[in-house]
J.: 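Encoded as structure tokens, here's the structure I'll be asking about.
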Amino acid sequence: MLINFNSKYAESFVSDDELNAMAPVAVKALETLTDGTGEGSDHRGWIDLPVDYDKKEFDEIKKSAEYIKQNADVLIVIGIGGSYLGARAVIEACKSSNYNLLTKDTPQIYFIGNSISPAALNDVLALCEGKDIAVNVISKSGTTTEPAIAFRFFRELIYSRYPKEEAAKRVFCTTDKHKGTLKALAEKEGYKTFVVPDDIGGRYSVLTAVGLLPIAVAGIDIDKLMKGAADARTAFNEKDINKNDVIKYAAIRNILYNKGKKVECFISYEPSMAMFNEWLKQLFGESEGKDGKGLFPTSCVFSTDLHSLGQFIQESGSTIMFETALTFRSSLSDITIKEDADNADGLNFLAGKQMSWVNDTARKGTLLAHTEGGVPNLIVEAERADEYNIGYIIYFFEKVCAVSGYILDVNPFNQPGVESYKKNMFALLGKPGYEGEKERLENLLGL
Ligand code: PA5
């Protein structure tokens, strides 16, 4: 197995008896998922996606990525939640969090429409000055307010820059196959469209066109990404907790949850994994947090956050949390610390050492400290953050999340709670159809 799941540092918190009791529940949850007998079973398209995807569309994605690479300095990706996090996570993980500053052969990629901040929008508009641009607007529903507002601005920009026919060629829409405002607009204007399959929800959609087009534009090999996911698909089917780390991890996190560890902190030792942490937070948070249940997912990048949240984790973390570290055996690049004649900084004890070794040693020290502080630690270890391994890891976590949701007895594929803020926002904004609610909310706000 490509991933090594290490639960040794949680053993003093989870007894064999507890694991033995949870094992059949976890196996049942896996069966519920694979048999399609659970709630939300019509949203399991991601399970076979790594092998059962639209090959023709896959080729079209590659062609469009080539077109964008040839014709644009900047790709603007417009989307929110599952419609942008996966792409951004993979690009930063496989390339760098400084991708836009470092890229030479592939377009810069800016993500917008993931907030309603005018400052963020103005920044990205300014970044497009003097640059050839292309836009990939992504919305499964095709009606989400945040990307819709951003798309209006970037459509205006693109039509102000290029003749109508060329402008249309620079817009790529990823949305529902048949319905939604975005689909209708794309048809009317003649934009190239890609499909978000009906049976795949936003947070499970990174390996569809949603993620694949921006990822391919960044020069990342999407065949390798899919191959990694395909290999993970075959690796995690065993109905035995000792042979399947998906169910082992799902079981342990539920045991810890039942014992009061309501917070799971995803840890990385690479700043380039910060967005992957964000993707994990959405995946688990939206999938499990419902019906008054669910682990609260949060994240840290160490050693950075050891100098901010480390104090809390060490001395108070034991009351609420456990950590799951995603680590890599080898770094995407490395550097050797040199000998210094004066040794004025006192660092010659590290001379000749690789920085990756120092990072890993810090990891080991932190692992022991936090475990001693009463914070159980789980480790998911992979070889390196390349396309293949990242595809594998994505699939692993997706499956853990779905199995874990069924252990928790929630529907891991819906997100009814996301609608509440939208209803209030629409009413307060004066959207037609929400008139009655507007007055009530304004009274509550004292307006
Ligand atoms: O996981 C989800 O379903 C959500 O996070 C959606 O991706 C997000 O709300 C954006 O929705 P849409 O793609 O319909 O614009």
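Remember, it's a predicted structure, so these values are computed and weren't measured experimentally. Both ligands and their constituent atoms are indexed starting at 1 by order of listing.
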J.: Any donor-acceptor pair under 3.5 Å linking the side-chain atoms of Ser404 with those of Tyr257?
T.: no

J.: Non-hydrogen atoms closer than 4.0 Å to ligand 1: which protein residues do they belong to? List them by chain and number, please.
T.: Ile80, Gly81, Gly82, Ser83, Ser139, Lys140, Ser141, Thr144, Gly202, Arg203, Gln282, Glu286, Gln415

J.: Table please: side-chain donor-acceptor pairs of residues 185-199 below 3.5 Å, with sequence neighbours left out.
T.:
from   : atom 1 : to     : atom 2 : distance (Å)
Glu189 : OE1    : Tyr159 : OH     : 3.3
Tyr191 : OH     : Tyr159 : OH     : 2.9
Lys192 : NZ     : Glu60  : OE1    : 2.6

J.: My understanding is that only residues two or more places apart in sequence, or in another chain, count here; which of them pass side-chain contact (heavy atoms from CB on, under 4.5 Å) with Thr32?
T.: Lys28, Thr37, Tyr406

J.: Can I get a per-line list of side-chain donor-acceptor pairs under 3.5 Å for residues 274-285, giving both atom names and the distance, sequence neighbours left out?
T.:
from   : atom 1 : to     : atom 2 : distance (Å)
Asn277 : ND2    : Cys300 : O      : 3.4
Glu278 : OE2    : Lys281 : NZ     : 2.9
Lys281 : NZ     : Ser299 : OG     : 3.3
Gln282 : OE1    : Gly82  : N      : 3.2
Gln282 : NE2    : Glu286 : OE1    : 3.2

J.: Taking the six-membered ring of Tyr84 as reference, does the NZ or CZ atom of Arg88 fall below 6.0 Å from its centre and within a 45° cone about the axis?
T.: no

J.: Evaluate Ser268 against Leu326 for side-chain contact (heavy atoms from CB on, under 4.5 Å), listing each step before the verdict.
T.: CA-CA 6 Å; Ser268 174; Leu326 173 55; 5.6 Å; no

